[in-house]
Amino acid sequence: MEMNTKFNYYDILEVNPQSSQNEVTEAYSRARITYSGGNPALYTIFTQKEAREYLRLVEEAYSVLGNKSLRALYDQKLGRGVTGVDQVTYEQLLQESKITRPLDLPKLGRLKPEYEIDESFETRIRAETQFSGEFLRRVREYKHVTLEQLSAITKVSSFYIHAIEHMEAQNLPAPVFVRGYVIQICRVLGLDEKKGPDSYMKLFRETLAAASG
Amino acid sequence: MASTRIWSIGSGKGGVGKSFVASSLGVSLSRMNQRTLLIDFDLSGPNLHTALGEPPARKNIDHFLSDQASLSELIQTTQFSNLFFIQGTTNPGDRKISDVQRLVAEARRLPFNEIIFDLGPGSQETYLETLRHSDEKLFIVTPEPPCIEKNYRLIENLLLYTIKVLNFDKINVPLKPVLEQYREAHLPGTTTFRDHLKSATGWTWDQETEIFPNPIRIIVNQVRGDKDLDLGPSIRLVCKHFFSLKIDYSGSLYFDNAVWQSFRTVEPMLMKYPFSPLAGQFQAMARKLLTSDLHSQSLRAVV
Ligand SMILES: Nc1ncnc2c1ncn2[C@@H]1O[C@H](COP(=O)(O)OP(=O)(O)OP(=O)(O)O)[C@@H](O)[C@H]1O
Ligand SMILES: [Mg+2]
């Protein structure tokens, strides 16, 4: 079969390279609603399986276009004629962006410590090796950061942050994205950006395995 | 007078608000100083006169279709100075494509700025032909799955019908099976119906304006909650990904007993309840249809 419409990430979200970050985020939330299970607009056009595949593409598109530096890198590729969603992946772009320049993670300036330091909890944070969702939530609450604030800073939807804290795999996209979200959450909460995500993902995969096994 | 613009109001399903939208659009256009003609072309159960608040007229479109009268002889006045209408017929008859072509051609010669066809439900060829000749195609969808499904079928039927008519010399396979094939075996994110058509028939469109100079527009009617407001944008995205077709979402209209009441008392809703939230929504949508959107569309078509 001849294939000539190679949807790029912009087509997936129905935005264009001139769209602002805000428009991209709005389009993402519309696209996520569109392809979430049971939307009547899918009726007789897409099967549940196809909708899930589109939802995966939507998440992937937003993980690139929703991040300024990855988007810039992606735009360069588009300019060179690399377009299809099957030709570039989020992971590739992430790797490349680390080589060319440090990842432009959200600014943390807005988050001043306004919480009371509890030395024993601080010690526990430093010693922690099991970064479960429950632990992330406790640190967040200890630092008086609401879900909405965390979402505003990280640009990860509060729905996902909630799911990460409760380790609800069924409400989360593919693990590679979850990892990206956890890195950002750890960064904002002042947790170890390497140890945290590694440990969380290990626990997350165990939960996944337990759920399917 | 500048050229006439023809609108068609269709839907895959009956009883969804076509006549309500057609009559309200007619009232809005006439108030904006456009000389407007409403034609009830529902060949199964005409009810535009009720929505418009007029008694049924004796002379109707059947007199034109069966060659007993010219179109201009059938024009009735209404309580609005710039708004006129032609009564529909209860005689289903045996309508041909050529009847539609004659009707549209004669309508275009009448001294009106705007002509609105209120169609019956479904995708019979007479309606598809009317839609094909219309500058603006508005499809009315309600949030119920059966109505959404039937409107997708109408979109598909109009798309295939138009492709066939425009390429009758190049495409000689039936297009329905081509679409069904695609539905069975498509790969999300990589191919659309547009590509599949090319591989199956050798022809496809480069620019959508080759098929529809203006996009099909969707109005979501009888919305009952905020969740229903997501429906229009979702349908638009689904059509883009599946057909590679850009659909315009023109707006949503809430379910409001005022409409039902005004039908009952045979008064146009915009007259009877001019300050209801629904009347406000409608006016906003009509303004959008008439100004920014259409302009930017036609500009884009020129570039
Ligand atoms: N937004 C609305 N809120 C409440 N009632 C509505 C609304 N829109 C339409 N209705 C009601 O639905 C019924 C059908 O409306 P209408 O006659 O406009 O639909 P139609 O699509 O033209 O139907 P038909 O296919 O029979 O021609 C009417 O009784 C009308 O009062
Ligand atoms: Mg009607």
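Letters A, B, ... mirror the listed sequences (proteins, then strands); counts begin at 1.
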Handout entry: Per-residue contact mode, A:A51 against chain B (heavy atom under 4.5 angstrom)
Key = neither
Practice task
Side chain from CB out, backbone as N, CA, C, O: work out which of these in A:F46 comes under 4.5 Å of a heavy atom of chain B, or both, or neither.
Solution key: side chain
Distance in Å, [X] [atom1] paired with [Y] [atom2], rounded so as to fall on 0.5 Å steps:
X	Y	atom1	atom2	answer
A:Y43	B:C147	OH	SG	12.0 Å
B:K240	A:I12	NZ	CD1	9.5 Å
B:R236	A:E14	CZ	CD	5.0 Å
B:F242	A:L42	CZ	CG	11.5 Å

Exercise for the section: Please determine, among B:H241, B:R153, B:H186, B:E149, the option with the most heavy-atom pairs under 4.5 Å with chain A. Expected result: B:H241
Problem - Contact residues of residues 156-165 of chain A (partner chain B; heavy-atom separation under 4.5 angstrom) - result: none
Problem - Test item: B:R183 and A:T47 side chains (from C-beta on) under 4.5 Å apart, heavy atoms - result: no
Exercise for the section: Would you check if A:Y54 and B:L237 make a side-chain contact, meaning some heavy-atom pair closer than 4.5 Å? Expected result: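 The answer is no, as the side chains (C-beta and beyond) never meet within the 4.5 Å cut-off.
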Problem - Side chain, backbone, both or neither of B:E144 within contact of chain A (heavy atoms, under 4.5 Å) - result: neither
So for atom [atom1], which belongs to [X], do other residues, nucleotides or ligands contribute more than 12 heavy atoms lying within a distance under 6.0 Å?
X	atom1	value
B:K176	NZ	no
A:R137	CZ	yes
A:K194	NZ	no
B:E184	CD	no

Exercise for the section: Give the minimum heavy-atom separation between B:P188 and A:L57, together with the two atoms involved. Expected result: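 For B:P188 versus A:L57, the nearest heavy atoms are O-CD1, 4.0 Å.
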Completion exercise
In terms of heavy-atom contacts, B:V238 and A:Y35 come closest through CA-OH, 4.1 Å
Problem - Contact residues of residues 220-235 of chain B (partner chain A; heavy-atom separation under 4.5 angstrom) - result: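 The residues closer than 4.5 Å to chain A, in numerical order, are B:D230, B:L231, B:P233, B:S234, B:I235.
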